[in-house]
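Taking it in order: structure first as structure tokens, then the write-up.
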Number of protein chains: 4
Amino acid sequence: MAHDEPQRAARSDAQRNLERVLRAAHELFAERGADVTMEEVARHAGVGVGTIYRRFNSKEELLAAVAHAACASTCDSLRAASHATNPIARLKALALVQFHHSAHAPLTHALPPIDAAEPEEVARLLHELLADAIADGQRQHLIRDGDPRLLAAFCLELLSLRTCRRLGNACQADAETLAEEAVRFVLHGLSRVTA
Amino acid sequence: MAHDEPQRAARSDAQRNLERVLRAAHELFAERGADVTMEEVARHAGVGVGTIYRRFNSKEELLAAVAHAACASTCDSLRAASHATNPIARLKALALVQFHHSAHAPLTHALPPIDAAEPEEVARLLHELLADAIADGQRQHLIRDGDPRLLAAFCLELLSLRTCRRLGNACQADAETLAEEAVRFVLHGLSRVTA
Amino acid sequence: MAHDEPQRAARSDAQRNLERVLRAAHELFAERGADVTMEEVARHAGVGVGTIYRRFNSKEELLAAVAHAACASTCDSLRAASHATNPIARLKALALVQFHHSAHAPLTHALPPIDAAEPEEVARLLHELLADAIADGQRQHLIRDGDPRLLAAFCLELLSLRTCRRLGNACQADAETLAEEAVRFVLHGLSRVTA
Amino acid sequence: MAHDEPQRAARSDAQRNLERVLRAAHELFAERGADVTMEEVARHAGVGVGTIYRRFNSKEELLAAVAHAACASTCDSLRAASHATNPIARLKALALVQFHHSAHAPLTHALPPIDAAEPEEVARLLHELLADAIADGQRQHLIRDGDPRLLAAFCLELLSLRTCRRLGNACQADAETLAEEAVRFVLHGLSRVTA
DNA sequence: CATGAATGAGCCTTCATTCAT
DNA sequence: TATGAATGAAGGCTCATTCAT
């Protein structure tokens, strides 16, 4: 037991390094996409490049791992958001998840097709849950008619941080305000036009 | 005049090469952004790298030229689209321009800030014209209330080829159909909800 | 302290590589000027090109560094040579410094104007010290009359390794012998012609 | 005969082009050495690159031709200068030839060893004639003792335009004045020290 | 013959990856 | 196990040379 201490310490050190690497990689890749140097990631994480290559066999693997973590986090949020029973509330909650997930756009965009399965799966799931909510809303006559999958897709598109950034350039509002406006616009777009 | 022939012949050949280079560069940059090799562009155009460098001093200049051409084309379309007097028709026409202009997204995204002025100017103009159309529509009670600039921004975002490509993955329709659906969604979102 | 060893070992290895690079670069640049390939320098130093670029941001910087080292070495020699009190002895010593410094002629010639400040400063200093020695000699009636700056310039010109190499082609003597002959010629040229 | 006219005109045109190319190449190479672009030479000569390649199979050949012309000119001057009977006058005349020949230094410096035979032959001849003059002067007790070949070599070195340019930086005199000073210095260096 | 557009080998430089310490 | 120096393949760019007009 006594001689376990240093090992455990070493292990926790390694664990901490792994986390630092992932955090650093996430920040940089999410901000600037794939054209960030491994050296830069290492520096940002406060380790040497070798330390990264001990855990990840290539830059691609690191990208995939970071994307995986982001997707896992989004999935947690999705599970929580899909519990609401009211279709409109569910729709709002899911939209908010999409809004935050889109913050990693440059990251998922940078993935090579072979590694893009998971982010696409997340997008697929998000889209499915959104379509379900819309279909429910249609059944309850809260939302206008139309292919739910298509309507859901439009909603997703409208609710990305990237979008909000561009709006910030054209208009005069902060991201959060714009997000709310976007949800409102979407809901209006989905609302029934009564007569 | 007769002795002009060879010169003009040489020039027309060069002209054709220039066009091939621009076309090749446009296709590749618009598809995959800036991380396309000059060698690749040259191969795609059926010329050597030197031929490209005879016309463009750097990859950056080539990118800028291609972006310029795309912007000029979009401007032509904008002029044509902004003639419609009916606000809704104008809105549809402008939306279609945006739809096609967005096909170059990775290209304009790849431009260094210094060269991004023109694409941003086009985006600004597109946005302004759309906002004008929306404001007109509001005055004629054809479009619901709300900041025209904000509403216009949402419309733009929704009408990109990129968006349509993603929708193509999730749904079962070709790009043109999706574009029409998107316009319809947007118009519904802008329509007055008559109690 | 014990755990400093590996770091210091790594550092000393790197240090040795740096020295090898500088030595290789010096030899090649001094011999053939700037049109030596970085690959060639690397091969000559027994390293990869990347190793050079780790220390020097560009070929120009490498050139500048090599030139700086050569100038520093010359400055040391100058300090030592300028201590002699006898003007003739001082003149001889300085002439020898010039003789050795001129071995790097193609190197300093290859520097871009922006980096040429230091070599020019060395040349200026050498010239100034030589002119001082000549002026002293004139005051003591050991050297014939004439503008000391001009006479000094002639001396410098006559005392270059490059010159000696050419003499070696035309005559039948080694460089050192020729250097001595050159000093003798110079001194004779500077000597007072006593009617 | 009538139909000879255009041919002769064409031929004289070609002749004129050849001269222009040689003159342009001479000016540029003599000023900046071998790192002048063929395109630059062509532009300077007012022709296309193809016209140069019609006469010279390579840049190297052009360099050699330009060097040949310069050497031939120098040889003419040498022949004229070597007629003087007075050794001192002959020495001065030859020194002046060297002074002007050295104006092409960067050009001859740029020649690859294989083509350097002729310039070296000129240098050899110049050196030989100078040594002869010195030997004559020694026989007539006008010049101090010493190996004539060695003394001649020193004279040559001292009398280059390149030298004069550098002196111009350090002192305050134009090239011609400096040349005269150099000759004076050389003659003083060669003069007999009586007693 | 003249032209100058096209070619492509080769140079400088970057960066993912490896490996000695 | 962590470090960061070393490696070298690959990309941007230049320029001697060729060739269609």
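Bear in mind the structure is a predicted one, so any value in this text is a computation, not a measurement. The figures that follow rest on heavy atoms only: side chains count, while hydrogens, waters and symmetry mates do not. Every chain is numbered from 1, with letters handed out A, B, ... down the list of sequences.
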Nearest whole Å is fine: how far is [N] [atom2] from [X] [atom1]?
X        : N       : atom1 : atom2 : result
Leu62(A) : dT17(E) : CG    : P     : 10 Å
Leu18(A) : dA2(F)  : CG    : P     : 10 Å
Ile52(B) : dA6(E)  : CD1   : P     : 11 Å
Glu61(B) : dC13(F) : CD    : C1'   : 13 Å
Gln15(B) : dA6(E)  : CD    : P     : 10 Å
Leu63(C) : dT13(E) : CG    : P     : 10 Å
Asp35(B) : dC15(E) : CG    : P     : 13 Å
Glu39(A) : dT18(E) : CD    : P     : 14 Å

State, to 0.1 Å, how close [X] and [Y] come at their nearest heavy-atom pair, and which atoms those are.
X        : Y         : result
Ala30(D) : His104(D) : CB-CA, 4.3 Å
Val36(A) : Lys59(A)  : O-NZ, 2.8 Å
Cys71(A) : Val122(A) : CB-CG2, 3.4 Å
Ala65(A) : Leu22(A)  : CB-CD2, 4.3 Å

Phosphate OP1/OP2 of [N] contacted by [X] side-chain N/O (<4.0 Å):
X        : N       : value
Arg55(B) : dA6(E)  : yes
Asn57(C) : dT13(E) : no
Thr51(C) : dA5(F)  : no
Tyr53(C) : dT13(E) : yes
Asn17(D) : dC1(E)  : no

* 5'-most contact on DNA chain F: Ala34(B) or Arg54(A), nearest heavy atom basis? ->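 Its nucleotide being nearer the 5' end, the pick is Arg54(A).
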
* So which one's nearest nucleotide on DNA chain F is more toward 5', Met38(B) or Gly48(C)? -> Gly48(C)

* Asked: With a 4.5 Å heavy-atom cut-off, do Phe29(D) and Leu111(D) have their side chains touching?
  ->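 The answer is no; the side chains never approach within 4.5 Å.
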
* To do: Among dT17(E), dT13(E), dA5(F), find the nucleotide with the atom closest to the side chain of Ala14(C).
  => dA5(F)

* Structure fact -> With the side chain defined as heavy atoms from C-beta on, Val49(C) is closest, among dC15(F), dG11(F), dT13(E), to dT13(E)

* To do: Identify the nucleotide, in any strand shown, that forms a Watson-Crick or G-U wobble pair with dC19(E), with both distances under 3.5 Å; if there is none, say none.
  =>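 For dC19(E), the partner nucleotide comes out as dG4(F), under the 3.5 Å rule.
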
* If you pin Gly50(A) and Gly50(C) to their nearest nucleotides in DNA chain E, which one's is more 5'? ->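 Nearest-nucleotide comparison on DNA chain E picks Gly50(C).
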
* Asked: Is the CD atom of Glu19(D) crowded by more than 12 outside heavy atoms at less than 6.0 Å?
  -> yes

* Asked: Within the structure shown, what part of the strands sits under 4.0 Å from Val41(A) by heavy-atom distance: base, sugar-phosphate, or nothing?
  ->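 Contact class for Val41(A): none.
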
* To do: Using a 4.0 Å heavy-atom cut-off across all strands, classify Val21(C) as base, sugar-phosphate, or nothing.
  =>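 Since no nucleic acid heavy atom lies under 4.0 Å of Val21(C), the category is nothing.
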
